[in-house]
Each structure stands twice: as structure tokens, then as C-alpha cells.
Amino acid sequence: MDTVTINAKGISVSLDLTVGHIADMIIESGARRLKPLHRAPWVDAGETLPPDLPRGTVRLSGDFLCAPFSRSDVEEAPLHGWPANSAWDVVDSGATDGGWRAVFRLRHKVMGASVDKIFTLRDDHPFLYQEHVFSGGSGAISVAHHPMTAMKGGGRLAFSPKRFAATPADPLEPDPVRGRFMLAYPGRSSDLGHFPAAGGGTLDLADYRMDDRREDFLTLVEADHGGPGWTALARQAEDDLVLVLKNPAELPVTMLWFSNGGRDYAPWSGRHLGVLGIEDGRTAVGHAASLGDNWLKREGVATAFELGQDRVSFRHVIGALPLSGGGPPRAITTAGGHLRLAGAAASEVPFDSEFLRIGQPAAR
């Protein structure tokens, strides 16, 4: 059994057990079936791929745990670590009072720690509630979620308050023979609507345009605002709103990966179109960089969890709603068992407002 599917009323989620990636997520809303997550076009194509690809790239889909994020240069492992590239087992899966809960365990250890992935679905909640738990181990580990969505007609983004956005020193694809990019590297701005562009001038980070062929990566640092961290994407052709939420005390940065035909080599081959990674994490780029003196630490931002405690965990939420009002919300709040969207068409939906542990201290 390579894939396992769990269900609650109005939602189903499938996990690819060979690599720990979410293979599919379907949310029922009236007569509509919303599918907020992306699956790379080569995964089910049966084509021959380059032999040196990480297993997580071969099976790239949905969301997965990165531990570490990016380079595994402290403990030997593939890109994004064993949780994104190797097998998970089902430890427990069953109905709960009003939903479903499943526990998966990574066969590999990470820095000596065992790793559990816990999925919770609730009847009539258009969200997947996730928790990852590291037990034991030693040293420290950087982590990130890696949810990916895709658009056919572009979209518009909105965010919880951020201190600033910054690109690293070098672009993902510096060689014009292999790919292209649009942002300045390095670049920084506290105004997300005016980020330095590679060719001069500025770009609006909230505007995902399909005619912008690009491969860009940047980090958003959460501001101190006391609420959940969130990213909302209004997908125009899909006519829906993709939502990703976190506890900023646990995952203080959000990394955006704009992948829109910006890589010309296999398996990307210019066909990875309209994809946006919304990657909430506690990390710099690479394991060693996350543990050392890095630019985020100098900004007062934690970039790893210390292992060796009995238990280190962090939580995350992904969901989708029909698009209301044509654009993303101005603000999102969670309280009293609901998630409330403020904007042109205010609305609220059922939500476990205690799940993200907002206001509670995160593990070190």
C-alpha cells in the first residue's frame, strides 16, 4: 500500500507513504470539489527521469515535512531530509468523535530522533490539521512545511503582518541557459508591494502573474502581532481561496517559492507552471546554516529546534474555501471555534481555534 486516504465529512486527504508527501486533498463545498494542492506533472506520467533525482523530487506533491530544510549538510540525507524522501508507516488510523485521526512514523531517524506525522480531520471543517513530533535525538534540526498549490490563471496573495521580505545572495537559477528569475538577489523590503526586481524597479509579491516565467525564492519574517501567521491565495481560474496557517512562535518564517516555467531542464522542462510553495518554517537555507550564525538569527529569529527533550512538536493547517469577493481577505482571526475572514465579503467557517496553540511558548 503506497497511498493511504483518510476522510471526514466534507474532506479527504491522501498520503504517499513512500515519501511522506500529500498526494491529494479534496474539500467538498456544496456541489464543488476544491483541490488546493499541487502534484508535479511527471509523478504519474510514467516517463524516464534523470537517475540522480532525490526521491522527493520524483514524487513531488502536496505538502511534506522538510527536516532539515534544503541542504542536508550536518547529517547525510537527501535534499530536504529523510522525511521528504523515504518511507513512512501507518501507526494508527481511526474515526474520532466528529472526524478522523491518523498517525504515521518515519522509518528513518533524524538526528537520532523518531518522527511522527499526525493528521486530524474534523467533520465539516475545510482544513487538514497537522502536527509533527520529534522524540529523543540530539543536536538541533531545522524544519519547514512545503505545501504547494498551482494556478491556471494566476492569483492574488495576502499575508498576516510581516516585518520584511528578503531574498538570499544567489537566485535558484542563475544560469540563463537553465532558467530565469525576476527578483533581485540579494534584496530586502518591508513593503511587500514593492520588492526590488532583478531588472530594476520593483515587483508586487502579492501578485502571481502567469505570464511571468520565473523561479524565485524569498523569506518573509513574521511581525509580532499576537495572532496566527497566515497566507491566503485567491486563485482566479480555480475560483477558490487557499489558506495556510501556523503558530509564529513555532514557525517564524514563511518562504515563498514561485515556480512558473522558470526551469528548462528535466524533469521541470518548462512545464512546472503556476506553482507556489508556501513554506512555513523554523530554518535558514541548509542545516549547517540553520545551526550556525545566520542572517535570521541576527534578526532575532529562531532557525532550529533543539532536540534531546522528550518531545518537540509543531503544528500547521492547510485548507480551502470557495472564493468570495474576488480577492484574498484583509485579515484572518481564529476564536470560538471559527475562522473569520475580513474583507470585501466577510465570512466565517468552522475551525479548531485551539489547535495552533497561539500564545503558548514554543519548544526551544
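The model shown is predicted, which means the values in this text are computed figures rather than measured ones.
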Which heavy atom in [X] sits nearest to a heavy atom in [Y], and how many Å separate them?
{"X": "Leu243", "Y": "Ala232", "answer": "CD2-CB, 3.6 Å"}
{"X": "Arg71", "Y": "Leu79", "answer": "N-CD1, 4.3 Å"}
{"X": "Leu241", "Y": "Pro328", "answer": "CD1-CA, 4.0 Å"}
{"X": "Ala234", "Y": "Gly327", "answer": "CB-C, 3.8 Å"}
{"X": "Glu238", "Y": "Ala150", "answer": "OE2-O, 3.8 Å"}
{"X": "Phe195", "Y": "Ala184", "answer": "CE2-O, 4.1 Å"}

If we only count heavy atoms from C-beta on, is the [X] to [Y] side-chain gap below 4.5 Å?
{"X": "Ser160", "Y": "His225", "answer": "yes"}
{"X": "Ser114", "Y": "Leu106", "answer": "no"}
{"X": "Leu183", "Y": "Phe217", "answer": "no"}
{"X": "Arg263", "Y": "Arg271", "answer": "no"}
{"X": "His338", "Y": "Thr333", "answer": "no"}
{"X": "Leu245", "Y": "Ile332", "answer": "yes"}

[X] [atom1] to [Y] [atom2] distance, which is reported to the nearest 0.5 Å:
{"X": "Arg180", "Y": "Glu215", "atom1": "CZ", "atom2": "CD", "value": "9.0 Å"}
{"X": "Arg340", "Y": "Ser347", "atom1": "CZ", "atom2": "OG", "value": "10.5 Å"}
{"X": "Lys117", "Y": "His132", "atom1": "NZ", "atom2": "NE2", "value": "3.0 Å"}
{"X": "Asn260", "Y": "Leu276", "atom1": "CG", "atom2": "CG", "value": "10.5 Å"}
{"X": "Asp352", "Y": "Thr334", "atom1": "CG", "atom2": "OG1", "value": "9.5 Å"}
{"X": "Asp24", "Y": "Thr5", "atom1": "CG", "atom2": "OG1", "value": "7.5 Å"}

Which pairs would a plain distance check flag for residues 199-207, meaning a side-chain donor or acceptor within less than 3.5 Å of a matching protein atom at least two apart in sequence or in another chain?
unit_1, atom_1, unit_2, atom_2, d
Asp204, OD1, Ala206, N, 3.0
Asp204, OD2, Arg156, NH1, 2.9
Asp204, OD2, Arg156, NH2, 2.9

Trp100 vs Ser93, side-chain contact (heavy atoms from CB on, under 4.5 Å): CA-CA, chis, key distance, verdict: CA-CA 7 Å; Trp100 197 277; Ser93 184; 2.8 Å; yes
Do [X] and [Y] have side-chain atoms, one donor and one acceptor, less than 3.5 Å apart?
{"X": "Thr283", "Y": "Ser290", "result": "yes"}
{"X": "Asp16", "Y": "Thr3", "result": "no"}
{"X": "His316", "Y": "Asp280", "result": "yes"}

Salt bridge (Lys or Arg N to Asp or Glu O under 4.0 Å) between Arg298 and Asp293, intermediate numbers included: CA-CA 8 Å; Arg298 293 191 289 273; Asp293 179 28; 3.3 Å; yes
Counting only heavy atoms not in [X] (residues, nucleotides, ligands), do more than 12 fall under 6.0 Å from its [atom1]?
{"X": "Glu354", "atom1": "CD", "answer": "no"}
{"X": "His194", "atom1": "NE2", "answer": "no"}
{"X": "Glu47", "atom1": "CD", "answer": "yes"}
{"X": "Asp52", "atom1": "CG", "answer": "yes"}
{"X": "Asp175", "atom1": "CG", "answer": "yes"}

Are [X] and [Y] linked, directly or through other ILVMFWY residues, by side chains that come within less than 4.5 angstrom of each other?
{"X": "Val90", "Y": "Leu128", "value": "yes"}
{"X": "Leu341", "Y": "Phe127", "value": "yes"}
{"X": "Met255", "Y": "Leu60", "value": "yes"}
{"X": "Val110", "Y": "Val103", "value": "no"}
{"X": "Phe164", "Y": "Leu218", "value": "no"}

Starting from the C-alpha separation in whole Å, work towards a yes-or-no answer on side-chain contact (heavy atoms from CB on, under 4.5 Å) for Trp88 and Val115. CA-CA 9 Å; Trp88 294 72; Val115 184; 3.9 Å; yes
Might you work through the salt bridge (Lys or Arg N to Asp or Glu O under 4.0 Å) test for Glu222 and Lys162, ending with a clear yes or no? CA-CA 4 Å; Glu222 201 77 17; Lys162 309 299 181 189; 2.4 Å; yes
Ring centroids only, cut at 6.0 angstrom: are [X] and [Y] within range, meaning strictly under it?
{"X": "Trp257", "Y": "His38", "answer": "no"}
{"X": "Tyr129", "Y": "Phe351", "answer": "yes"}
{"X": "Phe305", "Y": "Phe314", "answer": "yes"}

Trp42 and Trp268 aromatic ring geometry - parallel, tilted or perpendicular at 30°/60° bounds: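 Aromatic pair Trp268/Trp42 classed perpendicular.
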Mind telling me whether His108 and Trp82 have parallel, tilted or perpendicular rings, with 30° and 60° as the class edges?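 Geometry flag for His108 against Trp82: parallel rings.
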After noting the C-alpha distance and the side-chain angles of Asp212 and Phe258, does the key distance pass the side-chain contact (heavy atoms from CB on, under 4.5 Å) rule? CA-CA 10 Å; Asp212 292 339; Phe258 292 82; over 6 Å; no
Take Asp239 and Arg32 through the test salt bridge (Lys or Arg N to Asp or Glu O under 4.0 Å) and record every step on the way to the result. CA-CA 11 Å; Asp239 194 32; Arg32 297 186 59 189; 3.7 Å; yes
Reference residue Arg105; test salt bridge (Lys or Arg N to Asp or Glu O under 4.0 Å); the match among Asp116, Asp89, Asp92: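 That would be Asp116.
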Do any pairs count as a salt bridge (charged side-chain N to carboxylate O under 4.0 Å, His left out) and have a residue in residues 129-148, sequence neighbours left out, and if so which ones?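 Listed once each, the pairs are Glu131-Arg311, Glu131-Arg315, Glu131-Arg357.
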Where do His287 and Met111 land on the side-chain contact (heavy atoms from CB on, under 4.5 Å) test, with the steps shown first? CA-CA 11 Å; His287 196 177; Met111 300 294 288; 3.8 Å; yes
Those residues that, when tested against Ser86, pass side chain to side chain donor-acceptor pair (under 3.5 Å) (two or more places apart):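 Ser86 satisfies side chain to side chain donor-acceptor pair (under 3.5 Å) with no residue once adjacent residues are dropped.
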